[in-house]
There are 2 protein chains.
Amino acid sequence: MTTDKATTAGTRPSPPARPALSRPYIASAALALIDAGGLSAFSMRKLGTGLGVDPMAVYRYFQDQEDLFDAIAETIFDELDVDSLPWDGTWREVAERYCLRLREALLAHPHAVSIFATRPVRSPASIDTGVRIIEGFQTAGFTPAQALQISRCLREFTVGHALSLAVIRLGARSRSRKPTPGSSSYNILAQAADDTEIDEHFDIGLTAMLNGFEALV
Amino acid sequence: MTTDKATTAGTRPSPPARPALSRPYIASAALALIDAGGLSAFSMRKLGTGLGVDPMAVYRYFQDQEDLFDAIAETIFDELDVDSLPWDGTWREVAERYCLRLREALLAHPHAVSIFATRPVRSPASIDTGVRIIEGFQTAGFTPAQALQISRCLREFTVGHALSLAVIRLGARSRSRKPTPGSSSYNILAQAADDTEIDEHFDIGLTAMLNGFEALV
DNA sequence: ACCTGAACACCGTTCAAGT
DNA sequence: ACCTGAACACCGTTCAAGT
């Protein structure tokens with residue numbers, strides 16, 4: 001019916017239901033696919049098919065899967081909305097809010113945290129944010145070396161935490177494995193690990209680290 | 001020549017050059033293969049071939065690749081030699097040495113850190129160590145909830161740090177990508193990130209976190 | 001310019017068969 | 001009991017061809 005030329009109305013130039021392909025659009029679609037089906041079920045071919053296009057069309061925009069995964073990491077970072085961070089506040093306010101936002105963005109995509117955690121994010125937005133944070137630390141009185149080291153520690157804790165939490169949450173859903181009844185030591189850890197409220201240990205670690213850094217300045 | 005029966009000497013029952021297969025032996029061989037060639041070049045088939053055996057023989061010992069990766073994570077953890085930790089010392093000494101050992105074991109296998117970081121390690125050795133550390137924290141005066149949360153924060157920072165560092169070190173070797181000359185902000189970060197001495201920021205973060213926790217007790 | 005689809009060199013995993 | 005190898009249903013990536 002609607003195959004040959006324009007639609008029966010004929011006015012619009014029959015825009016395809018799918019938006020034009022582009023790097024950010026494809027990266028978002030890939031991330032959505034991973035969110036829905038998990039990383040292990042993702043493939044370049046399924047991405048093309050899901051996009052309503054030939055499985056190989058994606059290679060017109062990305063060199064390979066690594067290139068696509070780099071873009072996915074940038075997509076996640078962009079969800080931080082760094083512009084709305086309290087840039088006029090103290091170094092500690094900026095650092096704390098940045099880490100909380102990063103954690104939030106990562107945990108919104110539990111199946112993709114490992115993609116983010118296994119590559120440096122080198123988008124301009126990410127680099128500029130890093131520079132801005134480090135400059136703020138220096139203004140607050142930290143040495144350049146300290147400022148860099150502190151920013152890296154905070155990010156590493158945040159990413160490590162989000163990765164660990166994502167793994168636990170996803171694992172709890174898929175694993176029904178019995179609690180290894182033999183080892184009595186298992187229960188104390190497993191019970192606590194699978195406990196939902198334990199998610200809130202991030203604040204304790206972040207506060208401890210920030211307190212420790214505050215003593216340096 | 002040596003194909004048919006025993007060797008010309010004939011005394012020994014012609015022991016194969018390769019040791020008997022077992023889960024720990026296969027896991028170690030897989031880890032060595034990943035250390036040498038990187039994770040992306042690893043495959044179940046190459047593992048069998050590298051073991052001098054049919055590519056499918058490994059499936060007699062491991063259910064699938066996930067099962068093998070679990071065992072690789074346990075192999076790395078076993079390199080900690082937890083028994084030699086200063087269990088008679090303060091909670092802080094135990095915590096600090098544990099994190100340093102864990103970092104060391106992870107960085108000895110940069111291509112496998114992501115394997116360790118993306119799954120909970122549930123070997124008896126790992127679980128017992130976790131319990132022992134948490135009990136020590138409680139003895140030192142932390143509440144049970146605090147003890148658990150603190151141990152998780154320390155581990156998350158350590159793993160996040162090791163993963164980040166491994167990624168940077170491996171990336172620096174494989175990437176010759178020009179420094180994106182347009183963005184002037186790139187250099188300050190890239191220069192610092194690729195700087196070898198920056199590796200030593202782990203101590204600063206660990207000390208800050210431990211100081212912060214010490215104030216809680 | 002952008003998309004297609006055949007082709008290549010691999011994968012992980014299963015399973016009937018060998019010894 | 002343990003290993004083999006053919007077979008299945010996929011992969012990522014390349015590239016000549018289409019429109």
(request) Using atom types as modelled and distance alone, determine if a side-chain donor or acceptor of B:Arg101 lies under 3.5 Å from a backbone N or O of B:Leu80. (result) yes
(message) Within residues 34-47 of chain B, which residues have any heavy atom lying less than 4.0 Å from an atom of DNA chain C?
(response) B:Ser43, B:Met44, B:Arg45, B:Lys46
For [X], give me all partners under side-chain contact (heavy atoms from CB on, under 4.5 Å), at least two apart in sequence or on another chain.
X        : result
A:Arg119 : A:Glu66, A:Phe69, A:Asp70, A:Ala73, A:Ile115
A:Thr129 : A:Phe77, A:Val82, A:Trp87, A:Tyr98, A:Ile133
B:Ser28  : B:Thr75
A:Tyr25  : A:Pro19, A:Leu21, A:Ser22, A:Leu51

(message) Distance check, rounded to the nearest 0.5 Å: B:His201 atom NE2 versus A:Cys153 atom SG?
(response) 4.5 Å
(message) Rounded to the nearest 0.5 Å, what separates atom CG in A:Leu163 from atom NE2 in A:His161?
(response) 10.5 Å
Could you pull out every donor-acceptor pair under 3.5 Å between side chains of residues 34-47 of chain A and any protein atom, sequence neighbours left out?
{"from": "A:Asp35", "atom 1": "OD1", "to": "A:His109", "atom 2": "ND1", "distance (Å)": "3.1"}
{"from": "A:Asp35", "atom 1": "OD2", "to": "A:His109", "atom 2": "ND1", "distance (Å)": "2.7"}
{"from": "A:Ser43", "atom 1": "OG", "to": "A:Arg45", "atom 2": "N", "distance (Å)": "3.4"}
{"from": "A:Ser43", "atom 1": "OG", "to": "A:Lys46", "atom 2": "N", "distance (Å)": "3.0"}
{"from": "A:Lys46", "atom 1": "NZ", "to": "A:Ala41", "atom 2": "O", "distance (Å)": "2.8"}

(message) So B:Pro144 and B:Gln138, do their side chains get closer than 4.5 Å, heavy atoms only?
(response) yes
(request) Anything under 4.0 Å to a heavy atom of chain B counts; send over the first and last such nucleotide of DNA chain D, read 5' to 3'. (result) D:dC2 to D:dA7
(message) According to salt bridge (charged side-chain N to carboxylate O under 4.0 Å, His left out), who are the partners of A:Arg60, at least two apart in sequence or on a separate chain?
(response) none
(request) Using a cut-off of strictly less than 4.0 Å between a heavy atom of the residue and any atom of DNA chain D, enumerate the qualifying residues of residues 20-31 of chain B by number. (result) B:Leu21
(message) Please enumerate all residues that pass ring pair (Phe, Tyr, Trp, His ring centres under 6.0 Å) together with A:Phe213, with sequence neighbours excluded.
(response) none
(message) What does the 5'-to-3' dot-bracket notation of DNA chain D look like when only Watson-Crick and G-U wobble pairs under 3.5 Å count, and pairs to other strands show as |?
(response) ||.|||||...|||||.||
(request) Quick one: label A:Tyr61 by what it contacts on the DNA or RNA (base, sugar-phosphate, nothing), any heavy atom closer than 4.0 Å. (result) sugar-phosphate
(request) Taking side-chain hydrogen bond (donor to acceptor under 3.5 Å, both in side chains) as the test, write out the residues that go with A:Asp67, two or more places apart. (result) A:Arg23
